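Notes to accompany the following structure.
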Amino acid sequence: MNHMHTSPLQKSISKVFPNDAAAAAAEIILLLGVGMIAILLHAKLRIPMHLPGKQGVLFMALILTGKGLSRFPYAASLSGIGAASLLLIPGLGFHDPFMALNYLFLGCIIDLAAGFTSKFKSSTWIVAIACGACWIFIPLFRLAMSLIVAMPQGAFRSGILYPLFTHLVFGIAGGLVAAGILSLTIKKS
């Protein structure tokens with residue numbers, strides 16, 4: 001995922017903030033905001049389609065695009081912190097008490113996967129599959145938590161394999177969308 005690293009964001013931020021510390025602070029705020037926007041869109045675009053993980057297309061596309069444009073190796077973790085912090089505010093309509101932890105850990109997992117895939121000069125498809133594997137963390141985490149505490153398990157109404165498969169597919173789709181956005185950004189810069 002790191003191979004998609006580009007510099008247009010740094011160039012545009014450095015034009016606005018000539019001081020490197022101010023540019024870094026602006027980039028951190030932007031990455032936190034990306035995570036928050038992803039959660040706000042998730043809250044507003046809920047359509048009951050019985051497709052667990054469908055929000056992965058949007059979430060992974062946003063987080064991975066932010067990571068690909070950032071100079072920080074922990075960019076997805078920052079976006080995960082932004083997503084998790086917004087989920088701590090009541091009234092968004094989410095009923096999973098551990099959802100903030102899901103997204104906090106997911107950001108870290110994306111950064112770890114980016115480090116792993118960058119060692120292999122990853123193709124777009126390797127990155128997309130890694131995104132799918134990262135997005136599978138959500139149902140696996142819910143499943144693990146349900147073994148410890150009672151939780152709403154709507155995603156597992158049709159078994160365990162179906163949500164794992166749909167999360168994989170939607171995560172891959174989000175990775176492909178991010179790769180497309182980043183390749184267009186690279187061509188325009």
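Remember, it's a predicted structure, so these values are computed and weren't measured experimentally.
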Spacing of CE belonging to M99 relative to CG belonging to L87, to within rounding of 0.5 Å
5.0 Å
In one Ile/Leu/Val/Met/Phe/Trp/Tyr side-chain cluster, 4.5 Å: V169, L51
no
What is the distance from atom CD1 of I110 to atom CE of M60, rounded to the nearest 0.5 Å?
4.0 Å
Would a distance-only check, ignoring hydrogens and angles, find a side-chain to backbone donor-acceptor pair under 3.5 Å from S79 to L31?
yes
Which heavy atom in A83 sits nearest to a heavy atom in F59, and how many Å separate them?
CB-CE1, 4.3 Å
Does the W135 side chain pair with the main chain of I172, one donor and one acceptor, at a distance under 3.5 Å?
no
For the residue pair P52 and T166, what are the closest heavy atoms and their distance?
O-OG1, 2.6 Å
Return yes when atom CG of L45 has more than 12 non-hydrogen atoms of other residues, nucleotides or ligands closer than 6.0 Å, and no otherwise.
yes
For A100 and L88 the tightest heavy-atom approach is CB-CD2, 4.0 Å
For T65 versus L182, what's the shortest heavy-atom pair and its separation?
O-CD2, 3.8 Å
Any side-chain heavy-atom pair of N102 and R142 under 4.5 Å
yes
Answer yes or no: is there a side-chain heavy-atom contact under 4.5 Å between I63 and L106?
no
Same cluster or not: L147 versus L161, using hydrophobic residues (I, L, V, M, F, W, Y) connected whenever any side-chain heavy atoms lie under 4.5 Å apart?
no
Report the distance from atom SG of C131 to atom CG of L176, rounding to the nearest 0.5 Å.
8.0 Å
Is I81 reachable from L112 through a run of hydrophobic residues whose side-chain heavy atoms are each under 4.5 Å from the next?
no
Determine the minimum heavy-atom distance between A75 and G66, stating which atoms define it.
CB-O, 4.5 Å
Same cluster for F165 and W125 if Ile/Leu/Val/Met/Phe/Trp/Tyr side chains link at under 4.5 Å?
no
Indicate if L86 and I29 have the same hydrophobic cluster label, given that clusters are the connected sets of ILVMFWY residues with side-chain heavy-atom separations under 4.5 angstrom.
no
Describe, in one word, how the ring planes of Y103 and H42 are oriented to each other, choosing from parallel (under 30°), tilted (30 to 60°) and perpendicular (over 60°).
perpendicular
Take L140 and H167 through the side chain to side chain contact (heavy atoms under 4.5 Å, CB included) test and state the conclusion after the steps.
CA-CA 10 Å; L140 290 176; H167 275 76; over 6 Å; no
Quick one: do V127 and L64 satisfy side chain to side chain contact (heavy atoms under 4.5 Å, CB included)? Show the steps, please.
CA-CA 10 Å; V127 171; L64 197 63; 3.9 Å; yes
Is a side-chain donor or acceptor of K67 paired with a backbone partner of L62 at a separation under 3.5 angstrom?
no
Stepwise, does the side chain to side chain contact (heavy atoms under 4.5 Å, CB included) test hold for S85 with L32?
CA-CA 9 Å; S85 64; L32 291 168; 5.9 Å; no
Where is the tightest heavy-atom contact between C108 and S77, given as atom of each residue plus distance?
CA-OG, 3.4 Å
